[in-house]
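Please read all numbers here as calculations on a predicted model, not as lab measurements. Every heavy atom of this structure was used, including side-chain atoms; hydrogens, water molecules and symmetry mates were not. Start at 1 and go down the list; that is how both ligands and their atoms are numbered. One-based numbering along the sequence shown.
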Amino acid sequence: MNIILLGAPGAGKGTQAVKIAEKYKIPHISTGDILRKNIKDGTPIGLKAKAYIDKGALVPDEVVIEIVKNRLNEADCKNGYLLDGFPRTVPQAVSLDEFAKIDIVFNIDIDLNILVDRLSGRRVCASCGATYHVTSYSSEICSQCNGNIIQRNDDMPETVRARLKTYTLQTQPLISYYADKNILVNIDGNTSIDKVFEDIVEVLKR
Ligand SMILES: [Zn+2]
């Protein structure tokens, strides 16, 4: 089974990806992770990607696509895989269709206000970088190092809203693309981690 997982930042996509990969014993392919690994290992494609990142530019589609294509050709992908973080756009999805056969696309659908609450509740220790969430940790002092806990600019509600708006604008056409192919399944993400996972498993049983 070749699966794509879509979901806004904060929707719990990463957590679900790990659970699915574990249960079905398929590799969890995160483009961010492979990109970092290629850069760390100094592969030709990694060096290419690094040149863009060093300039502060986005890594272009053709480079990301090549990285994904190489990864999907590895032996552990023969019995299926889970793509997380790719594709992000319709042109990427069209390229992916040229070398991969996707069976199902899960979209973890979640209320925007819940996402803003989750993401803007994040706090970080200014000294050691430990992360907290206001719902589970109310102190302003880090439990690890006694440093000050702060809210990063990235996590301010207005920045979060802007980021989610960009995500939605970019992803909506992608969702339509897969809906048109009849392989899109929307999963209600407004519930618990366990319930979301149960719903995904239920669909995969069919
Ligand atoms: Zn700390």
Side-chain angles (χ1 to χ4, degrees), residues 5-23 27-43 45-47 49-59 63-64 67-68 71 82-86 88 106-171 187-198 200:
L5 199 54
L6 301 176
K13 184 165 61 75
T15 309
Q16 297 299 333
V18 171
K19 288 169 81 78
I20 296 167
E22 243 173 45
K23 181 168 171 72
H28 167 202
I29 299 175
S30 148
T31 35
D33 289 349
I34 341 173
L35 201 57
R36 279 187 289 274
K37 186 172 188 304
N38 274 277
I39 291 170
K40 190 170 148 266
D41 294 348
T43 64
I45 192 84
L47 292 174
K50 189 174 182 298
Y52 289 98
I53 294 168
D54 286 348
K55 276 188 292 186
L58 280 176
V59 180
V63 176
V64 180
I67 284 176
V68 172
R71 181 63 187 86
L82 175 73
L83 275 173
D84 168 12
F86 183 89
R88 282 188 198 282
F106 287 108
N107 177 41
I108 304 178
D109 204 11
I110 187 165
D111 188 77
L112 182 72
N113 291 319
I114 294 181
L115 285 180
V116 173
D117 281 351
R118 275 190 196 172
L119 295 169
S120 61
R122 193 158 59 178
R123 299 290 182 273
V124 59
C125 169
S127 307
C128 75
T131 56
Y132 298 92
H133 198 276
V134 286
T135 51
S136 55
Y137 194 80
S138 57
S139 168
E140 286 171 10
I141 300 297
C142 177
S143 66
Q144 316 275 318
C145 77
N146 291 327
N148 284 322
I149 291 175
I150 55 157
Q151 183 174 30
R152 287 189 309 203
N153 283 334
D154 274 3
D155 296 332
M156 298 287 180
E158 52 276 30
T159 318
V160 168
R161 273 186 194 279
R163 196 157 81 228
L164 291 173
K165 198 176 161 200
T166 307
Y167 172 84
T168 308
L169 281 175
Q170 217 180 30
T171 315
I187 298 286
D188 179 7
N190 300 305
T191 59
S192 65
I193 289 174
D194 288 342
K195 179 70 171 76
V196 169
F197 185 57
E198 262 173 44
I200 290 172

Could you pull out all donor-acceptor pairs under 3.5 Å where a side-chain atom in residues 35-42 meets a protein atom, sequence neighbours excluded?
unit_1 : atom_1 : unit_2 : atom_2 : d
Arg36  : NH2    : Asp33  : OD1    : 2.9
Lys37  : NZ     : Asp41  : OD2    : 2.8
Asn38  : OD1    : Thr43  : OG1    : 2.8
Asn38  : ND2    : Ile34  : O      : 2.8

Can you establish whether the number of heavy atoms outside Leu58 located under 6.0 Å from its atom CG is more than 12?
no

Has Glu140 got more than 12 heavy atoms of other residues, nucleotides or ligands less than 6.0 Å from its CD?
no

For the Zn ion (ligand 1), check which protein N, O or S atoms are under 2.8 Å away and list them.
Cys125 SG, Cys128 SG, Cys142 SG, Cys145 SG

Is there a donor in the side chain of Asn113 and an acceptor in the side chain of Arg161, or the other way round, less than 3.5 Å apart?
yes

Taking CZ in Arg88 as the centre, count heavy atoms belonging to other residues, nucleotides or ligands within less than 6.0 Å. Is the count above 12?
no

With a 4.5 Å heavy-atom cut-off, do Ile193 and Lys19 have their side chains touching?
yes

